[in-house]
Number of protein chains: 2
Amino acid sequence: MSCHLPLLATLHAQGLRRTPQRTVIVEQLCHNRGHLTAERVFRLASRHLPALNIATVYRTLETLRAAQVVTAFVTPDGLTEYELRRPEVRHHHLRCRRCGGEWVLPGPPVERLRSQIVNAHQFHPDLDHLVLTGLCAKCAGGATPRSTQAG
Amino acid sequence: MSCHLPLLATLHAQGLRRTPQRTVIVEQLCHNRGHLTAERVFRLASRHLPALNIATVYRTLETLRAAQVVTAFVTPDGLTEYELRRPEVRHHHLRCRRCGGEWVLPGPPVERLRSQIVNAHQFHPDLDHLVLTGLCAKCAGGATPRSTQAG
DNA sequence: ATCGTAGTTGCAAGGAGTCGCAACTACGAT
DNA sequence: ATCGTAGTTGCGACTCCTTGCAACTACGAT
């Protein structure tokens, strides 16, 4: 069962159109789990819909984000990346700025930070999806990180 | 005593030139504490050096960052901001995405997160200077945040 | 003081992302 | 099935930031 149909239904339920462009973009997001830049989405999607325009890709990704179908986040490098939204799986990423390796950071440590911020400052931080760059153990001169590779 | 002279000396000690452009840019960073976008640096500095070119500003800020005179960071909005580097004062920012208000988050909670990541994953995250967006107490419908206003 | 040269600049072109508009079309009503 | 219309697209122009290059110059050696 394709995963894009319920997502398109979500759009439709919000009064938004299920255009071929949006369909193919959502399909690619389903087929290529993990983070995708807009450019990559464009390249993947335009194989199936050659007349697709890059401006449409950006707009569609923004529409999907606003519709909470997709999560968009800015990496510390200043790149915007997109990922299908999985609200029940709150996770973060550790990304090595030297080798590019990436690991999943499970939710609890960041949740503790969130709690501390809420309690001490009554501030509600957007901490659903963090990408933290740094150096992995190997590049920093040590052993392998212990968490799972990112997916 | 102007703060820009020792900073320019730092550049010089690294084999880099103390040009008038760099001087005026560093002066503005000293006079205008807090976060500055490249555009704002450009506007401030070009009052003193009208022929200054925006490309030079970007390059100079990057040079200053590489020389560890300046900290550069990408906000969750995707904007790059710069701040004089003060390694002995490790701090972070809470910025309200609705009202734009900004508060300082002192170091310890993030340090605890860092320790947890290092211990569990042998990953050394870049956590010297975080900007966390979210909703302040007022915009989220509560009382005022308790930490100091950002400076 | 002059000189040589490598670091740096201004400039124009280029790339990534955004925006406004005319043309197109998804889709609910009939 | 057709129709009307508001949502959406492709396109070209625009903005912000980056890049390559010729010209300039900071500065160490003399």
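Chain letters run A, B, ... following the sequence lines, proteins first and then strands; every chain starts at 1.
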Which part of the nucleic acid, if any, lies within reach of B/A38 when heavy atoms closer than 4.0 Å are counted: base, sugar-phosphate only, or nothing?
nothing
Reckon A/L52 touches a base, only the sugar-phosphate, or nothing at all at heavy-atom distances under 4.0 Å?
sugar-phosphate
Given C/dG17, C/dC11, C/dG20, the nucleotide with the shortest approach to the side chain of B/N53:
C/dC11
Between A/R95 and A/D77, is there a side-chain N and carboxylate O pair less than 4.0 Å apart?
no
Roughly, in whole Å, what's the span from CD1 in B/I54 to C1' in C/dA12?
15 Å
Measure up the B/H91 and B/H129 rings against each other and bin them: parallel (under 30°), tilted (30 to 60°), perpendicular (over 60°).
perpendicular
Length of the CZ-P vector between B/R17 and C/dT9, whole Å:
10 Å
Expected output: side-chain B/T10 to main-chain B/P6 donor-acceptor under 3.5 Å:
yes
Heavy-atom distance under 4.5 Å between the side chains of B/L105 and B/L130, does that happen here?
no
So with a 6.0 Å cut-off around CZ of A/R43, is the heavy-atom count from everything else above 12?
yes
Could you list where the contact with chain B starts and ends along DNA chain D, reading 5' to 3', using a 4.0 Å heavy-atom cut-off?
D/dC17 to D/dG28
Between CG of A/L61 and P of C/dT18 the distance, given in whole Å, is 10 Å
Touch check for A/R18, heavy atoms < 4.0 angstrom, all strands: base, sugar-phosphate only, or nothing?
sugar-phosphate
Could you check whether the SG atoms of A/C139 and A/C96 sit less than 2.5 Å apart, since that is the cutoff I want to apply?
no
Five pairs at each end of the helix from C/dA1-D/dT30 to C/dT30-D/dA1: take the axis at both ends and give me the angle between them to 10°.
30°
Aromatic ring proximity B/H48/B/H31, centre distance under 6.0 Å
no
Expressed in angstrom and rounded to an integer, what is the separation of B/R59 atom CZ from C/dC11 atom P?
11 Å
Could you state the atom-to-atom distance from CZ of B/F42 to P of C/dC11 in whole Å?
10 Å
Under 4.0 angstrom, heavy atoms only, what part of the nucleic acid is B/T63 near: base, sugar-phosphate, or nothing?
nothing
Closer to the 5' end of DNA chain D via nearest nucleotide, is it A/T19 or B/Y58?
A/T19
Neighbour count above 12 (heavy atom, 6.0 Å) for A/R112 CZ
yes
Do the side chains of B/W103 and A/H121 get nearer than 4.5 Å, heavy atoms only?
no
